[in-house]
Undergrad: 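Quick one: this structure, given as structure tokens, is what I'll be asking you about.
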Amino acid sequence: MKEQWKLEVLLIYFNFLTIIFINFGSGFITTGSIGSNLRERRSIKNIIPEDYDINVFPPNEMPMKVSYSALVMGVEDIREIEEDISIEMNIRISWKDSRLAPLVRSLQNLSTVTTMSKRRLQQYILLQPSIINQIWVPDVYIDHLKDVDQPAVLSKPSSLRIHSDCTLRYSTRVTIIVSCPMDFHYYPADIQRCDVELKSYGYTEDKMILNWRDTFGANFAYPMEPHNYYLSLGNLNKFRSETLTGRKYSGLRFTVVLQRKLSFHIIQTFLPSILLVIVSWLSFLINIDTVPARTAVIMTCLLTLISMFSSVRQSTPNVSYVKALDIWMVVCVFFVFSTLVEFTVALKIKGMKLKPRKTLHLIPKSTLIVEEVEVGNELISTKVMVPEEKSLPIPPPFTPPNVRTRNEEIVETMETVSSLVIPLVFILFNCIYWPWLIFSSEYLEVETDRKSVV
């Protein structure tokens with residue numbers, strides 16, 4: 001009985017210590033550096049100085065320099081119809097607030113910090129990210145932003161550091177959906193450039209200037225390659241936006257370059273259409289008298305091309321202007337259709353009958369002769385016209401067997417010329433189309449280096 005009483009007392013004491021531990025650890029800060037596991041817990045009330053005003057611009061050197069760096073973790077979704085892209089990235093923002101100097105000194109003078117830890121504290125102090133709501137932050141936004149989200153399991157992935165010179169660095173991971181106006185004139189050899197712009201909303205450039213962090217800027221976290229595109233980053237620069245009232249605001253921009261892979265459309269569209277056009281030319285090898293067979297070959301190629309291009313258009317963006325793929329589809333259909341037109345004209349010419357030659361009928365000269373014939377006791381006279389020449393009709397021209405008529409010669413010549421001219425014109429079209437598509441779209445000039453420096 002006595003042992004049971006001791007056990008109950010120990011259990012109550014243990015619960016009491018647990019409650020104290022949880023309440024004490026509800027608000028805290030952690031101090032540390034790279035490779036340091038030192039963590040110090042404090043109440044949030046002791047972090048921010050009492051005279052700190054979140055609405056007052058920090059009394060730093062003007063203009064304040066705000067540094068940014070972006071680490072792109074992935075381009076998750078490229079929606080061509082909606083003309084936007086989804087980017088997952090880590091954003092790091094650094095700025096200076098001299099009003100937090102007492103906080104840095106108080107944390108560096110903690111009695112529990114050893115000498116080695118104090119040297120590490122000279123680099124930075126790791127704070128809870130929730131403190132960001134208690135201090136002044138730059139009013140920077142992403143232009144043309146459609147949606148933003150933060151992946152989280154238990155808490156949002158973010159961190160806040162304060163360095164010994166009162167420089168704050170806030171880091172967070174976000175997934176943004178940003179608008180990307182796309183140009184499909186050279187589709188499928190198109191190159192899309194999607195700008196991600198960071199701007200100051202309320203502070204003009206005489207108060208705040210945005211800069212890329214030295215040697216960092218924007219980079220890929222690792223080489224990445226979506227199924228249909230090559231990825232690269234470009235136009236890492238600063239810019240200035242000006243309002244109608246003349247106010248100038250600082251901004252940063254980096255560009256995600258999307259270079260479409262041609263391999264998919266070469267295998268799925270270009271090669272099958274070329275083969276179908278060539279098959280339609282094989283109809284020249286079929287005798288023109290074999291009308292059903294020749295018509296079946298040409299019509300099959302024509303209907304197959306139209307069906308294939310209809311399915312291709314369903315998977316391509318619907319725009320009001322003509323794309324490079326549209327030109328290719330129309331030309332291929334035209335060449336197969338021209339083969340059908342040539343065959344129809346040849347049949348028409350061969351079925352035409354030659355007009356018979358005009359026959360000159362000679363009108364012979366005649367002589368009037370009066371003959372008297374005695375019939376019984378009477379003498380009867382008769383008048384007879386005796387032609388001087390006899391006109392013989394001109395017979396139609398004789399056509400020996402196995403000898404071609406003039407229409408057949410015309411058809412044979414047309415078939416021979418068409419079988420040479422149509423393929424040569426198609427080859428000439430390819431010699432013009434492909435250099436125009438590659439060089440006009442600057443497809444070869446875009447860097448597709450997908451390596452990044454973290």
Side-chain angles (χ1 to χ4, degrees), residues 70-91 142-149 151 173-197 217-237 253-273 308-309 311-319 321-329 433-454:
L71 187 63
V72 179
M73 309 301 296
V75 179
E76 300 175 353
D77 193 9
I78 303 171
R79 298 184 295 182
E80 297 175 350
I81 298 177
E82 289 81 4
E83 295 190 0
D84 58 33
I85 61 173
S86 176
I87 304 175
E88 182 181 5
M89 61 181 179
N90 289 349
I91 298 180
I142 300 176
D143 202 6
H144 306 296
L145 184 67
K146 290 186 175 181
D147 191 15
V148 61
D149 187 25
R173 174 172 292 188
V174 294
T175 300
I176 62 173
I177 299 177
V178 63
S179 176
C180 178
M182 299 183 180
D183 183 8
F184 299 104
H185 278 96
Y186 299 105
Y187 183 91
D190 55 321
I191 299 170
Q192 309 299 338
R193 293 174 172 85
C194 304
D195 294 333
V196 180
E197 297 180 348
N219 292 290
F220 285 124
Y222 48 84
M224 57 189 68
E225 185 175 316
H227 295 295
N228 296 328
Y229 294 92
Y230 297 109
L231 289 181
S232 61
L233 290 178
N235 294 336
L236 196 67
N237 53 21
R253 177 191 297 121
F254 71 91
T255 304
V256 179
V257 181
L258 307 174
Q259 184 180 19
R260 193 183 304 273
K261 296 179 182 179
L262 274 173
S263 56
F264 172 79
H265 284 281
I266 287 177
I267 296 175
Q268 297 292 327
T269 306
F270 291 107
L271 284 181
S273 58
M308 182 179 68
F309 291 151
S311 63
V312 169
R313 285 186 61 85
Q314 292 179 359
S315 60
T316 57
N318 294 325
V319 292
Y321 48 83
V322 178
K323 303 186 292 290
L325 186 61
D326 297 333
I327 297 175
W328 175 267
M329 293 189 298
Y433 178 83
W434 289 105
W436 166 79
L437 181 63
I438 298 300
F439 292 106
S440 297
S441 63
E442 301 179 355
Y443 193 83
L444 299 179
E445 299 179 9
V446 176
E447 291 188 17
T448 56
D449 186 12
R450 295 170 298 281
K451 294 182 180 180
S452 60
V453 179
V454 180

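Side chains are part of it too, since the values below use all heavy atoms of this structure and drop only hydrogens, waters and symmetry mates. Remember, it's a predicted structure, so these values are computed and weren't measured experimentally.
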Undergrad: Who pairs with D326 by salt bridge (charged side-chain N to carboxylate O under 4.0 Å, His left out), at least two apart in sequence or on another chain?
TA: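 Once residues adjacent in sequence are excluded, the partners of D326 under the salt bridge (charged side-chain N to carboxylate O under 4.0 Å, His left out) criterion are R313, K323.
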
Undergrad: Could you check if a side-chain atom of V72 sits within less than 4.5 angstrom of a side-chain atom of V256, using non-hydrogen atoms only?
TA: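 Side chain of V72 against side chain of V256, heavy atoms only: no contact under 4.5 Å found.
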
Undergrad: Would you say the side-chain atoms of D149 and T175 include a donor-acceptor pair closer than 3.5 Å?
TA: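 Side chains of D149 and T175: no pair found under 3.5 Å.
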
Undergrad: Partners of Q268 by side-chain contact (heavy atoms from CB on, under 4.5 Å), sequence neighbours excluded?
TA: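 If we apply the side-chain contact (heavy atoms from CB on, under 4.5 Å) test to Q268, skipping adjacent residues, the hits are F264.
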
Undergrad: Taking side chain as C-beta onward, heavy atoms only, is V174 less than 4.5 Å from I91?
TA: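 Yes, close enough: below the 4.5 Å cut-off.
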
Undergrad: What are the two closest heavy atoms between K146 and E82, and how far apart are they?
TA: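 Shortest heavy-atom separation between K146 and E82 comes out as NZ-O, 3.3 Å.
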
Undergrad: Walk me through whether S441 and W436 qualify under side-chain contact (heavy atoms from CB on, under 4.5 Å).
TA: CA-CA 8 Å; S441 63; W436 166 79; over 6 Å; no

Undergrad: Report the residues that fulfil salt bridge (charged side-chain N to carboxylate O under 4.0 Å, His left out) with E197, sequence neighbours left out, ordered by chain and then residue number.
TA: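 By the salt bridge (charged side-chain N to carboxylate O under 4.0 Å, His left out) rule, E197 matches K199, R253.
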
Undergrad: Evaluate the side-chain contact (heavy atoms from CB on, under 4.5 Å) criterion for residues L258 and C194: first the C-alpha distance (whole Å), next the side-chain angles of each, then the deciding distance (0.1 Å), finally the verdict.
TA: CA-CA 8 Å; L258 307 174; C194 304; 4.0 Å; yes

Undergrad: Once rounded to the nearest 0.5 Å, what's the spacing between atom CD1 of I87 and atom CZ of F254?
TA: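 Between I87 CD1 and F254 CZ, I get 5.5 Å after rounding to 0.5 Å.
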
Undergrad: Not counting sequence neighbours, which residues clear side chain to side chain donor-acceptor pair (under 3.5 Å) with D190? List them please.
TA: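 In terms of side chain to side chain donor-acceptor pair (under 3.5 Å), with neighbours along the sequence ignored, D190 is linked to Q192, R260.
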
Undergrad: Are L145 and I176 close enough that some pair of their side-chain heavy atoms sits under 4.5 Å apart?
TA: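 They are in side-chain contact.
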
Undergrad: Hey, does the Lys NZ or Arg CZ of K261 hover above the aromatic six-ring of Y230, less than 6.0 Å from the centre and inside 45° of the axis?
TA: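 Judged by the rule, K261 and Y230 form a cation-pi pair.
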
Undergrad: Can you give each donor-acceptor pair under 3.5 Å made by side-chain atoms of residues 177-188, sequence neighbours left out, with the distance rounded to 0.1 Å?
TA:
unit_1 : atom_1 : unit_2 : atom_2 : d
D183   : OD1    : H185   : N      : 3.2
D183   : OD1    : H185   : ND1    : 2.5
Y187   : OH     : H265   : NE2    : 3.2

Undergrad: Is the closest side-chain heavy-atom distance between L325 and V312 below 4.5 Å?
TA: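 Counting from C-beta outward, L325 and V312 do come under 4.5 Å.
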
Undergrad: Is it true that a side-chain atom of S440 and a backbone atom of L437 form a donor plus acceptor pair closer than 3.5 Å?
TA: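 Judged by distance alone, no pair lies under 3.5 Å.
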
Undergrad: Could you pull out the closest heavy-atom pair between I78 and Y229, with the gap in Å?
TA: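 Minimum heavy-atom contact is CD1-CD1, 3.6 Å.
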
Undergrad: For D77, give me all partners under side-chain contact (heavy atoms from CB on, under 4.5 Å), at least two apart in sequence or on another chain.
TA: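 Checked D77 against side-chain contact (heavy atoms from CB on, under 4.5 Å); matches are R79, S86.
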
Undergrad: Given side chains that start at C-beta, do those of W434 and W328 come closer than 4.5 Å, heavy atoms only?
TA: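 Sidechains of W328 and W434: in contact.
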
Undergrad: Just wondering, do M89 and R173 contact through their side chains at under 4.5 Å, heavy atoms?
TA: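 In short, these two side chains do not touch, never coming nearer than 4.5 Å.
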
Undergrad: According to the interplanar angle, ranging from 0 to 90°, do the rings of F270 and Y433 count as parallel (below 30°), tilted (30 to 60°) or perpendicular (above 60°)?
TA: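 Aromatic pair F270/Y433 classed tilted.
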
Undergrad: Hey, are the side chains of P272 and M308 touching, using non-hydrogen atoms and a 4.5 Å cut-off?
TA: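 Yes, at least one pair of side-chain atoms sits under 4.5 Å.
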
Undergrad: If I take atom NE2 from residue H144 and atom CG from residue D84, how far apart are they, to the nearest 0.5 angstrom?
TA: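 Reported to 0.5 Å precision, the distance equals 13.0 Å.
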
Undergrad: Kindly indicate, with the supporting measurements, whether the criterion side-chain contact (heavy atoms from CB on, under 4.5 Å) is fulfilled by I266 and L271.
TA: CA-CA 6 Å; I266 287 177; L271 284 181; 4.1 Å; yes

Undergrad: Heavy atoms, side chains only, cut-off 4.5 Å: are L231 and V257 in contact?
TA: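 Not in contact.
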
